[in-house]
Amino acid sequence: MADTSPPRSERRLALFDASGFIFRAYHAIPPLTTSKGVPTNAVLGFTRMVLKALQELKPTHVALAFDKSGRVERQKIDPTYKANRKAPPEDLTPQFPLIRKVGDVLNLASLDAEGWEADDVIGTLAMQAKAEGFQVLVVTSDKDFMQIVDEDITLFDPAKNKRMGIADVQEKMGILPKQVRDFLALVGDAVDNVAKVPGVGDKTAVELLHQFGDVETLLARVEEVKKPKIRAALESHRESLVRAKQLVTFNTGLPLGVKLDDLIRRAPDATRARDLFTELEFFALLRDLPAEEPAARPDVAPLSVTTTLVTTEAELKAMADAAKAAGTLTLVPAFEGMPFAAPLVGLGVALPDGTTRYVPLRHQQLGATQVPVAAFTAAMKDVLADAAVKKGGHDLKALTLVLANEGLTLEGAHDDVELLSYLLNPSRREHALEDLARERLRSELPALPASVGGKKGRALADHGPDEVAAAYAVRADAARRLAPELWKELELGGLAELARTLELPLLPVLARMEREGVKLDVTELGRTSERVDVEVKAKEAECHQAAGHVFNLGSNPQLAQVLYEEQKLPILKRGKTGPSTDQEVLEKLAEEHDSVLARALIEYRGLSKLKSTYLDTLPTLVAKDGRIHTTYHQAATATGRLSSSDPNLQNIPIRSELGREIRRAFVAEAGHQLVSADYSQVELRLLAHIAEDPVLIEAFRNDEDIHSRTAAEIFGVDPKDVDREQRRVAKTVNFGIAYGLSAHGLSTRLGISQENARDVIERYFTRYAGIRQYLEDTVEKARKVGYVETLYGRRRLMGDLLSKNRGVAQAAERAAINMPIQGTAADLMKKAMLSVDAALREQKLKTRVLLQVHDELLFEAPDAEVDAVKALAVKSMASVAELKVPLKVDVGAGKSWADAH
DNA sequence: GTCACGACGTAC
DNA sequence: GACGTACGTCGTGACA
């Protein structure tokens, strides 16, 4: 036995009734083709079933069994066997070879035997495996297989996710597994053209088998059959009954010539599987492919391990020339800390000829040979600024910023593998180079120094060049190798244009915004903080007073104890870990149960939240230039939006008075103003456009108060007669509709009954019929193709839509509804940013873009440019797309962010 | 001390 | 569970 075999006792062979599933999948899944028209419904159903069953059963050995001219041998017994079967439908035939191909890339053995059916192949293998001590799992939905069930052979129906052993067969059929063939012979099979004994149905067959055991005994003692009609039928159908039993009995002695060790389960060939699934457009399945495969493919060269240190100006120049000649250059900077402030310690380089370099620049180690930074910048300036030399790497925005610190401009950002991977699957949490290399190059990257990313260890610059050269150079090489593969997939998914014309051009714009930063009036913020500190302490004391003792207001378990055990207030909502104490609950407790504690807590929470998150934190993040430099993440959200962190400047308060006060601390330099331009109702406008809803389109074309108009539609009144309550309801519906709003959600939000909420939603959909249609179509299409997309082709893979867990599937539906809207808004804003940035540069204005908050851009403009910038921003943003509705942009200016609104 | 997680709350 | 997308703070409990 081969060493690779698991211990005997743990060996499990899964045998798939592949041929059976092909037909089942074909009929279970509605017609489906790739964008090129290749039918794939059976392939998809089959593939899903196999992957699911493998996950469920975790077999050690696997085989797929197929029919091969399957009726030939049985027709020797009875020429009419399956004679009335029609040829497979014409859109199924081309799927047979594709299914074999799926088995191939999943590294699963496919077995068949000329003239025999999959049943016989499985029967043979099952017996063989049983004899060798295997547990056998037959994956099938066909009841005929019950005949081979025994202590070691179990059936598994992936459709029902159910296993079937001896006891299950007995319970279901009322007979032993080995009697199943007798049963089938007695009752016949119209579909397969197996003759039955007339007058013998399921019940009679079972009775007969109880009495006689099997067909042979029954025929030998037929005179003992009590009912004359049945007896006569049996006597006159002797031959056909014997034949029927032969037909339904599996042949378990085929000469397959396969050793069970050949069936050891192997990991899928991830690369080929990815290619095939991409070709078949099984995007939802792509995500579930395993990240690694055991064997390295021989056609992929190992990642470069020999790295040349570049320590002379001549070598630098040679490197720059080589890059210029080839037109590409892949770079990974060695730095630590924030990219907008970090000095460049070194630079990993990969050249298109497959060689790698490391340029040490600021290693502190004694005796480290390195070129002076000035010589480096002089030698590299041109090639870095040459857009014709395409730059590659991982997170080129960080590279751009770090180089900018050295006075270097990076142009031609093109192969950012983080960004490219993000566009392929924006739902993915991370696009770490380590992971991409593992998945797509089957290589482990050497570890970076512990100080980078983590906090411990020596500073990066205290490492010698030799210690880190390989790590950075190999990273550059990995990025260089990944880029072509990622571009190929982008082309296949129709995403390459989005990458080339939107995301990659945006990258330097974001870099400039981060580098610019926004000025914070720390003194002003400090004053506010001191004042709030007093208020927070007062509220805290009030809470302790109300509780009768001191406790940690920040601890929800402690708070829950006080509220629900000591004060015996009713538990209105529960979370996973215990009773909830969130704002909604507190408000109810304050209102309906007149809880002094709840009332004080609400105020405490509001104050302490703003204090800890903003007032106390923002000042610590002010850089030496007196400004705050956020980091924008271009590869973070599932919809295509940007996100912001360190600090997050996209959730600075605005709704409360204290919130606005915090915004007052974001100010313009002397002689400048902040200009804010934001899209009005952009998502609702996009919904109108995408859904092509005539009523909503008309409302926006007339620049109506959209919430009043909606209220008028819902409540059947004239827009001018809409009252405040009606408008409030309509506003909530308008906001919620693109999020997959439910009656329950609307009722809790508005404090109305669920019936009432249902009625409101129903009226809404009646008046805005296009919206309902759009929502339904979006989910339906997403289920079929596995993704949703924006107006500009940005895609989000949506695997969970087919989840068996209804909650998960419904959440995925809501996300699917929302993404095209939110994502298209994000696309538009990104286009607007490109347009605005280009216009500002072209007109050589001193105004800078500082912040983006999803539907708002914040500029810092010299006083003299304010009016021009207002006009420029409105024009650029509003004309970024020609839609069925106008895009409206509101704009304002002032000394602070609050004043600009 | 660090980490992961959940609860909560801020924004659009 | 019940309305989508993010990120940050705090408390908690596991682990070192």
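Computation of the quantities below employed the complete heavy-atom set of this structure, encompassing side-chain atoms and omitting hydrogens, waters and symmetry-equivalent molecules. Every chain is numbered from 1, with letters handed out A, B, ... down the list of sequences.
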What is the distance, rounded to the nearest whole Å, between atom [atom1] of [X] and atom [atom2] of [N]?
{"X": "A/L607", "N": "B/dG9", "atom1": "CG", "atom2": "C1'", "value": "13 Å"}
{"X": "A/Q634", "N": "C/dT5", "atom1": "CD", "atom2": "P", "value": "20 Å"}
{"X": "A/F735", "N": "C/dT5", "atom1": "CZ", "atom2": "P", "value": "18 Å"}
{"X": "A/L615", "N": "B/dT10", "atom1": "CG", "atom2": "C1'", "value": "13 Å"}
{"X": "A/R663", "N": "B/dA11", "atom1": "CZ", "atom2": "P", "value": "8 Å"}
{"X": "A/I817", "N": "C/dT5", "atom1": "CD1", "atom2": "P", "value": "11 Å"}
{"X": "A/I821", "N": "C/dT5", "atom1": "CD1", "atom2": "C1'", "value": "13 Å"}
{"X": "A/L618", "N": "C/dT9", "atom1": "CG", "atom2": "P", "value": "9 Å"}

Any base atoms under 4.0 Å from [X], or only sugar-phosphate, or nothing? Heavy atoms, all strands.
{"X": "A/G736", "answer": "base"}
{"X": "A/K609", "answer": "base"}
{"X": "A/H854", "answer": "sugar-phosphate"}
{"X": "A/S580", "answer": "sugar-phosphate"}

ask   = Hey, can you pull the residues of residues 636-662 of chain A with a non-hydrogen atom under 4.0 angstrom from DNA chain B?
value =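 Within this stretch, A/R641, A/Q650, A/N651, A/I652, A/P653, A/I654, A/R655 sit under 4.0 Å of the strand.
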
query = Within 45° of the six-membered ring axis of A/Y787 and under 6.0 Å from that ring's centre, is NZ or CZ of A/R795 located there?
reply =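 Relative to the ring axis of A/Y787, which defines the angle, A/R795 lies inside both limits.
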
query = Which nucleotide in the list C/dG4, B/dG9, B/dA7 gets nearest to the side chain of A/T577?
reply =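 So the side chain of A/T577 is nearest to B/dA7.
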
ask   = In terms of side-chain heavy atoms of A/Q583, which of C/dA2, B/dT10, B/dC12 is nearest?
value =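 Among C/dA2, B/dT10, B/dC12, the one nearest the side chain of A/Q583 is B/dT10.
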
message = Can you build the contact string for nucleotides 10-16 of chain C? Use B for base contact, S for sugar-phosphate-only contact, and - for no protein heavy atom under 4.0 Å.
response = SSS----

ask   = Heavy atoms, side chains only, cut-off 4.5 Å: are A/E780 and A/E776 in contact?
value =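 A/E780 does not reach A/E776 side chain to side chain.
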
Taking only side-chain N and O atoms of [X], does any of them lie within less than 4.0 angstrom of OP1 or OP2 on [N]?
{"X": "A/R796", "N": "C/dT5", "value": "yes"}
{"X": "A/R605", "N": "B/dG9", "value": "yes"}
{"X": "A/T617", "N": "C/dT9", "value": "yes"}

Just checking, is any N or O donor in the side chain of [X] or [Y] under 3.5 Å from an acceptor N or O on the other one?
{"X": "A/Y632", "Y": "A/S645", "result": "no"}
{"X": "A/Q650", "Y": "A/Q852", "result": "yes"}
{"X": "A/S896", "Y": "A/D899", "result": "yes"}

inquiry  = With a 3.5 Å limit on both atom pairs, tell me what B/dC12 is paired to, counting Watson-Crick and G-U wobble, or say none.
reply    =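 By the stated definition (distances under 3.5 Å), C/dG4 pairs with B/dC12.
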
ask   = If you draw a 6.0 Å radius around NZ in A/K895, do more than 12 non-hydrogen atoms from other residues or ligands fall strictly inside?
value =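 Count over threshold, so yes.
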
ask   = Is the A/F735-A/H707 ring centre distance short of 6.0 angstrom?
value =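 Here the rings of A/H707 and A/F735 have centres that are less than 6.0 Å from each other.
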
key: Stepwise side-chain hydrogen bond (donor to acceptor under 3.5 Å, both in side chains) check, A/R783 with A/T778   = CA-CA 9 Å; A/R783 268 200 216 103; A/T778 301; over 6 Å; no

From A/I628 atom CD1 to A/K519 atom NZ, the distance as rounded to the nearest 0.5 Å =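 That separation rounds to 12.5 Å.
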
Check: A/D395 main-chain N/O paired with A/D416 side-chain donor or acceptor under 3.5 Å =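 Yes, A/D416 side chain to A/D395 backbone: donor-acceptor pair under 3.5 Å.
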
message = For the C1' atoms, the ones on C/dA2 and on B/dC5, what distance do you get once it is rounded to whole angstrom?
response =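 Roughly 23 Å separates the two C1' atoms.
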
